[in-house]
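Values reported hereafter were calculated over all heavy atoms of this structure, with side chains retained and with hydrogens, waters and symmetry mates removed. This is a predicted model, so every value here is computed, not measured.
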Amino acid sequence: MRQEMVRREEAELRRSHQKPRSPEGWGLLLVLWYLAFYKPIITESHLRRKNIEFIFIRFSAWQYAGCDKLWAGLVTTLCDSIRHHFGALPLSVYHVMGTRPRFASGFSQKEWVLKTGTCLKLWGLLFVLGAGLTILLVALLVPGIKDHHALKVVGSAVTSLSGSGLALGAFSILKNLLISEKQKIERLTNSEKFTSQLGFMSKVRNEVEVLVDFLSFMEIFERRRLRVVLEITSLDICYPEKVAGVLNAMNTLLSEANTPFIFILAVDPSVIVPCLEQTGCMKGLADNGYLYLNRTVTLPFSIPEMGARSRLRFLEAAIQTREDLMYRIITSNVERRRAKCQAVPAVPSRQEADAEAVRCIHEAFRCLHDSTDPLARYLPTSGAHVRRIVNTIPITLRLLLHRAGTPGTPSPRAAAAWVVLADQWPCRLSWALQCLEDAWQSRPTADFGARSLWSIFQENVGELSSLRQPLHNVLSLDGDPELFQTFLASDFPFTARDARAFLGVTVNLDHSIRHKMGLLRGLDRLQKATAAPVSRGVQCPH
């Protein structure tokens with residue numbers, strides 16, 4: 001993401017010849033001037049800007065696991081991090097004098113409009129203050145007028161009233177400067193009447209809305225897009241009700257159409273799903289945690305199993321801490337392997353790889369848009385699922401191109417079909433892959449490459465039917481079973497060799513489902529194996 005920031009920044013500078021601004025140094029004085037006297041306007045040129053800045057915020061749920069409301073910790077971390085990133089003074093001034101950005105009328109390219117009302121009020125207060133001070137000084141210093149008590153009273157009153165308006169604004173800014181949004185929310189959560197405060201959520205939402213509007217203001221000032229990336233970790237070691245609270249807070253922050261937040265949720269679904277199913281947030285979703293995650297996550301990325309190269313890389317990192325003889329033996333093997341790798345032909349440049357990736361992505365999307373292509377028939381009707389497919393196809397194709405050196409690299413159309421298959425029938429596909437993996441492990445010398453995935457599924461569908469009770473929630477994720485048969489049997493007859501090629505790059509399939517199936521299948525076979533000797537132990541009637 002940082003590399004993408006730099007690339008877009010350079011491209012935007014070549015296009016518009018406008019350097020981005022920063023609220024630091026002289027830029028701080030400039031942003032305070034704009035905050036006080038100008039209204040920001042969202043113009044067409046601003047919407048065309050492609051440069052972007054990511055503001056990374058790390059939220060470890062375990063650090064806030066002891067508080068009553070874990071989601072309140074998420075919101076306070078968000079507010080505090082944005083305050084530290086831009087500085088306390090600009091945000092405090094925006095609370096008092098800032099204006100929410102509005103869209104331009106027509107094709108106007110003016111990004112800043114003078115606050116006429118604010119300027120008139122300020123000049124009026126200054127004029128009245130100056131007049132009051134003049135009257136007061138004349139009444140105090142000019143001989144012959146010192147004895148006029150009424151003039152002193154008028155001068156004092158005018159000075160006090162005009163000065164109090166300026167002092168009140170300065171006091172509001174100072175108050176927001178000393179008391180941050182994080183302290184405001186913590187004060188509300190620490191209140192004894194916390195559970196009975198009906199307006200608590202509205203107050204928190206108002207604080208978040210002010211942050212969103214402030215980010216929109218800073219986008220126009222800095223001449224680039226701003227996105228807040230929250231990395232949520234350690235959620236799978238918290239209590240179930242706290243897990244549901246954080247996910248609800250995520251959905252609340254993402255409920256707006258143009259929200260500037262991006263959540264990276266690093267969790268283990270096999271732990272999160274039971275936590276969600278134990279809480280009351282599943283009402284209306286048939287107590288199915290998988291359905292809740294599917295409606296929350298717009299880009300699933302399940303990390304595949306570690307390959308041989310990654311294992312060796314981790315091994316190198318682990319053995320660097322060893323100082324014994326085994327370290328020397330292993331490092332010599334590593335050096336020999338590196339010498340062999342140096343004989344590999346040079347890989348194409350990054351520009352060539354990106355161009356090839358863009359070509360493959362466009363070809364895959366053309367297949368989805370082509371009404372005559374059978375793949376278009378299998379697109380889901382749910383908008384959330386369509387977004388998941390559109391987000392996943394580019395990643396899958398880039399991962400496939402990264403492995404382009406392996407023989408038999410699938411085509412972009414096949415990759416798009418595989419992504420649709422994993423999205424529409426995750427349970428049945430996971431079952432077929434698990435049966436295929438078990439067959440490889442039990443008979444490693446056998447050649448399963450030419451066998452179709454549909455034939456493997458048909459052979460083991462009876463066993464899946466016997467496990468439908470423990471796999472009920474997972475089975476409910478699948479689409480039409482008849483379409484699944486048509487997909488694999490006729491339109492896209494993937495083979496075991498294709499499945500092996502795609503398995504390492506399948507990021508939109510929850511691998512914990514397959515692991516759960518493997519465990520259930522192993523337990524079922526173990527029960528059958530232990531029950532078999534009982535029948536053989538019965539004595540023969542002879």
Side-chain angles (χ1 to χ4, degrees), residues 293-295 297-305 348 352-433 436 449 451-454 456-457 477-511 513-514:
L293 282 182
N294 282 350
R295 296 187 181 187
V297 179
T298 56
L299 175 57
F301 192 97
S302 296
I303 301 177
E305 293 183 358
E352 295 175 353
D354 284 343
E356 179 65 16
V358 170
R359 186 194 65 80
C360 292
I361 292 169
H362 286 176
E363 182 179 344
F365 284 151
R366 276 198 298 269
C367 297
L368 289 176
H369 281 280
D370 189 1
S371 58
T372 60
D373 195 304
L375 182 58
R377 295 196 300 115
Y378 298 100
L379 281 178
T381 56
S382 169
H385 281 271
V386 172
R387 284 196 299 271
R388 286 160 64 95
I389 291 172
V390 170
N391 290 337
T392 306
I393 286 177
I395 296 179
T396 304
L397 285 171
R398 288 183 182 275
L399 291 175
L400 278 174
L401 290 175
H402 185 67
R403 299 184 173 195
T406 58
T409 303
S411 64
R413 180 175 181 270
W418 184 266
V419 170
V420 173
L421 175 64
D423 183 84
Q424 289 296 94
W425 298 281
C427 179
R428 285 170 171 78
L429 178 58
S430 297
W431 179 255
L433 292 176
L436 183 60
R451 290 198 57 187
S452 67
L453 209 57
W454 172 246
I456 296 172
F457 178 80
L477 299 177
D478 284 1
D480 193 338
E482 286 74 20
L483 284 179
F484 175 74
Q485 177 179 353
T486 309
F487 189 98
L488 276 185
S490 59
D491 290 337
F492 298 95
F494 289 116
T495 62
R497 188 178 293 106
D498 297 329
R500 174 167 257 176
F502 280 120
L503 187 58
V505 299
T506 306
V507 298
N508 66 324
L509 184 64
D510 188 354
H511 298 290
I513 297 176
R514 187 159 50 89

About how many Å separate SG of Cys360 and CD1 of Ile393, when rounded to the nearest 0.5 Å? 12.0 Å
Rounded to the nearest 0.5 Å, how far does CG of Leu368 lie from CZ of Arg413? 10.0 Å
Can you tell me if Ser411 uses its side chain to pair, donor with acceptor, with the backbone of Ala414 under 3.5 Å? yes
Could you give the distance from CG (Asp478) to CH2 (Trp431), rounded to the nearest 0.5 Å? 13.0 Å
For residues Ser490 and Gln485, determine if any side-chain heavy atom of one lies less than 4.5 Å from a side-chain heavy atom of the other. no
Tell me the closest heavy-atom pair linking Ile361 and Pro394, and the distance in Å. CD1-CB, 3.6 Å
Heavy-atom closest pair, residues Pro426 and Leu477: CG-CB, 3.9 Å
Kindly indicate whether the side chain of Arg451, heavy atoms from C-beta on, has any atom under 4.5 Å from the side chain of Thr495. no
CG-OH distance between Asp423 and Tyr378, expressed to the nearest 0.5 angstrom: 15.0 Å
d(Leu375 CG, Arg366 CZ) to nearest 0.5 Å is 13.5 Å
Nearest 0.5 Å please: distance from the CD1 atom of Ile513 over to the SG atom of Cys427. 7.0 Å
Please check: side-chain N/O of Asn508 versus main-chain N/O of Leu299, any donor-acceptor pairing under 3.5 Å? no
In terms of side-chain heavy atoms, does Trp418 have a donor or acceptor partner in Thr396 at a distance below 3.5 Å? no
I want to check something: taking the side chain as every heavy atom from C-beta on, are Leu453 and Asp498 in contact at a cut-off of under 4.5 Å? no
Could you go through Leu433 and Leu509, starting from their C-alpha distance and side-chain angles, then the distance that decides it, and tell me whether this counts as side-chain contact (heavy atoms from CB on, under 4.5 Å)? CA-CA 11 Å; Leu433 292 176; Leu509 184 64; 3.9 Å; yes
Decide whether His511 and Arg514 meet the rule of one side-chain donor and one side-chain acceptor closer than 3.5 Å. yes
Of the options Leu421, Ile456, Leu429, Leu483, which is the one that meets Leu488 in a side-chain contact (heavy atoms from CB on, under 4.5 Å)? Leu421
Taking all heavy atoms of Val297 and all of Arg388, pick out the closest pair and write down the distance. O-NH1, 3.2 Å
Is Asp491 salt-bridged to Arg377, cutoff N-O under 4.0 Å? yes
Considering all heavy atoms of both residues, which atom of Ala501 and which atom of Leu400 are nearest to each other, and what is their separation? O-CD2, 4.3 Å
I'd like to check Pro410 versus Phe502 (side-chain heavy atoms, cut-off strictly below 4.5 Å). Are they in contact? yes
What are the two closest heavy atoms between Thr392 and Pro300, and how far apart are they? OG1-CD, 4.3 Å
Can you spot which of Trp454, Trp425, Phe457 makes a ring pair (Phe, Tyr, Trp, His ring centres under 6.0 Å) with Phe487? Trp425
Minimum heavy-atom distance between Leu397 and Ala415, given as atom pair plus value: CD2-CB, 3.6 Å
